[in-house]
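Everything numeric here is computed off the predicted structure, so don't read it as measured data.
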Amino acid sequence: MFLHIPAIASVDIISAIEFDKTGDHLATGDRGGRVVLFERTDTKDHGGSRRDLERMDYSTSRHPEFRYKTEFQSHEPEFDYLKSLEIEEKINKIRWCQTANGALFLLSTNDKTIKFWKVQEKKVKKIADMNVDPSKAVGNGNVASSSNNVSPKPYLANGGSPSKEFSFPPGGIPSLRLPTVVTSNETSLVARCRRVYAHAHDYHINSISNNSDGETFISADDLRINLWNLEISNQSFNIVDVKPANMEDLTEVITSAEFHPTHCNMLAYSSSKGSIRLIDLRQSALCDSHAILFEEQEAPGSRSFFTEIIASISDIKFAKDGRHILSRDYMTLKLWDINMDSGPVATFQVHEYLRPKLCDLYENDSIFDKFECCLSGDGLRVATGSYSNLFRVFGCAPGSTEATTLEASKNPMRRQVQTPSRPSRSLSSITRVVRRAGSDVPGVDTNGNSFDFTTKLLHLAWHPTENSIACAAANSLYMYYA
């Protein structure tokens, strides 16, 4: 007996995940250029936010519930005729903007073009008050039903010809009332592209980030960072340019960029050399000179062919308080204090067990995989993805030794996990998932399972106020809650 397992279509693979600031909406983007929105329902049904319900001592459901809200095609495949370059529709990043008048706003980008979307509920309009009987009339198409027919007799539809059963009434056809458009109580979600920010990047866009002022945002590619006003789509200001006069002198590229969560004049960007630069927009119009440089000095004698490749930072995130920056390189997660540039305040080993297999990872290009990272709203935990659809959660509070490995799967239990006698609020207490830790045997975990480098968990997001993590494994979205 052969079991046919359908292959996952490339266009369905999720490429971006983002919660909004309230945590009531979740957006995902995929390689097919689509954006799918999910809405939280366990608080909406009770009316009011979860925080308000807890203040009233209302019994809220333990597990947050999200349901599908709507989806729309954000980007289409394009072709740059001047450069003979195909531009794929894959969504690289999604960022939520401030809501207004009950409408949702968000930014989405592919490699070249950023779009500003408005998603709003609109009442459905219908045609009514037609004096044509659709069951008897014949003509060039269907006729909308009448809500207030004056005469029960059949009349000709516009452009039709009478049938054998049709006969004109005595005195001819009475005057025809024009149909009217009425607004019904039904509503439908409509996504409309408000603005398109294009032709500003020569290289692939890797980051977009909203400013706390609610008016501007940045977009970053390999060599430049541009500052935009949400209301102006035909003009942007270049604030960082690391492109050398001679491209042969290029030694590093920009890999990620993000605005400070509260200070509208500060932003940080990371590089392929493993450094993070904090810049202040008040210093100069072109911020090529950084305010603070964060980098870790490599140990003497540890340099190898792979040193610069694994040092490249794939993602950075500011903590909610703006005091710390979390960075992810291929091997580790690092937590930085923006007031201390001597080195990271904490380093979490993610892929140390893969060090003996770096040659193999280089051969199959896995060493260039870009894993994202995220922080909990309270700043006490950090998380990032790994291979075999695993993701790791670390406690970063002083003295914390929490380190949990979880699997994104419909049936994640490969071995029964002992349930603690007393319920715990830590992420390690999640049932239906299996704990794992890296072993000394390269490519094999503590359960004896070989790691699969073709399945990787690159994208994940932490709920802004609760211990909920949304993560994407191929074309599936998983949510874990503690």
Side-chain angles (χ1 to χ4, degrees), residues 16 18-25 27 35 49 92-109 113-120 192-198 200-201 205-221 224-241 254 256-270 276-292 294 315-326 336 338-339 374-375 377 379 461-465:
E18 187 77 7
F19 279 106
D20 71 347
K21 285 187 177 180
T22 65
D24 291 336
H25 293 92
V35 172
S49 67
N92 290 343
K93 294 289 180 182
I94 297 174
R95 289 292 180 265
W96 289 91
C97 302
Q98 293 179 356
T99 59
N101 301 322
L104 303 174
F105 294 90
L106 51 94
L107 290 165
S108 62
T109 184
T113 306
I114 307 161
K115 294 185 179 181
F116 183 46
W117 290 91
K118 177 182 181 181
V119 182
Q120 189 176 29
R192 189 164 65 91
C193 184
R194 293 285 303 275
R195 286 177 187 85
V196 178
Y197 313 91
H201 288 277
I205 298 172
N206 55 49
S207 304
I208 52 174
S209 178
N210 310 69
N211 198 345
S212 58
D213 62 9
E215 297 180 358
T216 56
F217 71 94
I218 56 169
S219 59
D221 64 22
R224 294 186 178 95
I225 300 177
N226 293 333
L227 178 68
W228 301 82
N229 188 300
L230 282 169
E231 302 296 323
I232 303 170
S233 60
N234 59 358
Q235 185 181 36
S236 65
F237 295 96
N238 178 230
I239 56 175
V240 175
D241 188 349
I254 298 167
S256 182
E258 187 170 71
F259 261 119
H260 191 281
T262 55
H263 298 325
C264 62
N265 57 287
M266 293 177 66
L267 63 96
Y269 69 91
S270 59
I276 302 172
R277 291 172 172 83
L278 190 69
I279 60 177
D280 192 336
L281 297 176
R282 297 172 298 184
Q283 288 183 342
S284 64
L286 188 62
C287 302
D288 288 341
S289 58
H290 55 269
I292 306 176
F294 303 95
D315 190 28
I316 59 170
K317 291 285 194 310
F318 270 102
K320 197 173 182 180
D321 59 5
R323 173 71 184 267
H324 295 91
I325 299 175
L326 181 67
W336 307 80
I338 64 172
N339 294 333
C374 59
L375 300 95
W462 205 303
H463 191 282
T465 59

Hey, does [Y] have a side-chain heavy atom less than 4.5 Å from the side chain of [X]?
| X | Y | result |
| --- | --- | --- |
| I94 | W117 | no |
| N339 | R323 | yes |
| L278 | M266 | yes |
| Y197 | N226 | no |
| I239 | L267 | yes |
| S212 | F259 | no |
| V196 | S233 | no |
| K21 | P464 | no |

Spatial distance of atom [atom1] ([X]) from atom [atom2] ([Y]) [nearest 0.5 Å]:
| X | Y | atom1 | atom2 | value |
| --- | --- | --- | --- | --- |
| C97 | K118 | SG | NZ | 13.0 Å |
| F105 | T99 | CZ | OG1 | 8.5 Å |
| R277 | I225 | CZ | CD1 | 10.5 Å |
| I338 | I276 | CD1 | CD1 | 11.5 Å |

If you take all heavy atoms of [X] and [Y], which pair is closest and at what distance?
| X | Y | value |
| --- | --- | --- |
| R95 | N210 | CB-OD1, 3.0 Å |
| N265 | D280 | ND2-OD1, 2.9 Å |
| A257 | S207 | N-OG, 3.2 Å |
| I208 | I114 | CG2-CD1, 4.0 Å |
| E258 | I316 | OE1-O, 4.1 Å |
| L375 | W462 | O-CB, 3.3 Å |

Exam field: side chain [X] to backbone [Y], donor-acceptor pair closer than 3.5 Å:
| X | Y | value |
| --- | --- | --- |
| H260 | T262 | yes |
| N101 | A103 | no |
| H463 | G23 | yes |
| R195 | E231 | yes |

Check: Can you check side-chain contact (heavy atoms from CB on, under 4.5 Å) on N206 and N92, steps first, answer last?
Finding: CA-CA 7 Å; N206 55 49; N92 290 343; over 6 Å; no
Notebook entry, point to check: So among L227, L107, N211, which one has a side-chain contact (heavy atoms from CB on, under 4.5 Å) with F217?
Noted result: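 Of L227, L107, N211, side-chain contact (heavy atoms from CB on, under 4.5 Å) with F217 is met by L107 alone.
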Note to self: Salt bridge check, K93 against E18: does any charged N sit closer than 4.0 Å to a carboxylate O?
What the structure shows: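 So E18 does not pair with K93 through a salt bridge.
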Margin query: Parallel, tilted or perpendicular, judged at 30° and 60°: which one describes the rings of W96 and H25?
Written below: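 Ring orientation of W96 relative to H25: tilted.
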